[in-house]
Amino acid sequence: MSKLNDAINEQYNYEIESAYIYVSMAHYVEEKGMSGFANFFKKQAKEELEHAAKFSDYLFSIDEKPTLEQIPQPQTDFGNFTETFKAAYEHEKEVTARINKLYDLSVEENDHKATSMLQWYIDEQVEEEDTFRTLIEQLERINESWAGLYLLDEKLGHR
Ligand code: FEO
């Protein structure tokens with residue numbers, strides 16, 4: 001595999017790791033009785049698996065075989081609810097940084113098909129970061145008050 005395709009395979013694994021982290025967050029908030037928040041994180045985990053699948057489909061489409069790596073055990077305690085969503089936002093920023101690096105590498109290697117494929121992820125990350133930023137803004141106003149938390153939990157149950 002070329003350096004770029006190796007890095008794409010690495011990101012394929014990182015997207016699966018992201019799903020794993022969001023499932024852990026879903027468990028964490030579910031255990032605290034917030035089934036709407038849990039629904040949000042479970043859906044987020046599913047999206048990450050879709051992101052992963054797009055990378056493996058791409059690798060197959062250029063006749064490369066994706067490889068699964070070992071996934072580290074995720075954190076199991078994320079602090080209060082605002083901190084939990086902040087941890088997810090920080091994770092998304094890390095994903096964005098990695099996608100940007102991949103994109104730069106594809107440009108350096110003049111790999112136009114990879115650059116085109118990666119454009120989708122660049123746009124997707126804008127959406128992902130925006131989702132978490134908006135939720136954190138709401139959570140900061142709620143300031144961990146149960147009344148506000150239950151309203152938001154209800155809303156995220158219908159996401
Ligand atoms: Fe696959 Fe949330 O980035």
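Just so you know, ligand 1 is whichever comes first in the structure, and atom 1 is the first atom listed for that ligand.
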- Provide the full list of side-chain hydrogen bond (donor to acceptor under 3.5 Å, both in side chains) pairs with a residue in residues 127-140, sequence neighbours left out, each pair given once. Q44-E128, K86-E140, Y89-R133, T96-E129, E137-R141
- Note on the structure: For P66 and S56, the nearest pair of non-hydrogen atoms, with its separation, is CG-CB, 3.7 Å
- Can we call the ring centroids of F85 and F41 under 6.0 Å apart? yes
- Over-ring placement of K32 relative to Y28, 6.0 Å and 45° cut-offs: yes
- Is a side-chain N or O of D153 found less than 3.5 angstrom from the main chain of F37, in a donor-acceptor match?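 The answer is yes, because a donor-acceptor pair under 3.5 Å joins these two groups.
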- Message: Looking at K65, is its backbone amide N or carbonyl O close enough to the side chain of N9 to form a donor-acceptor pair, meaning the two atoms are under 3.5 Å apart?
- Response: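 Not confirmed, N9 side chain does not pair with K65 backbone.
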- Message: For distances below 2.8 Å, what is the count of protein N, O or S atoms around atom 1 (Fe) of ligand 1?
- Response: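 That number is 3, waters not included.
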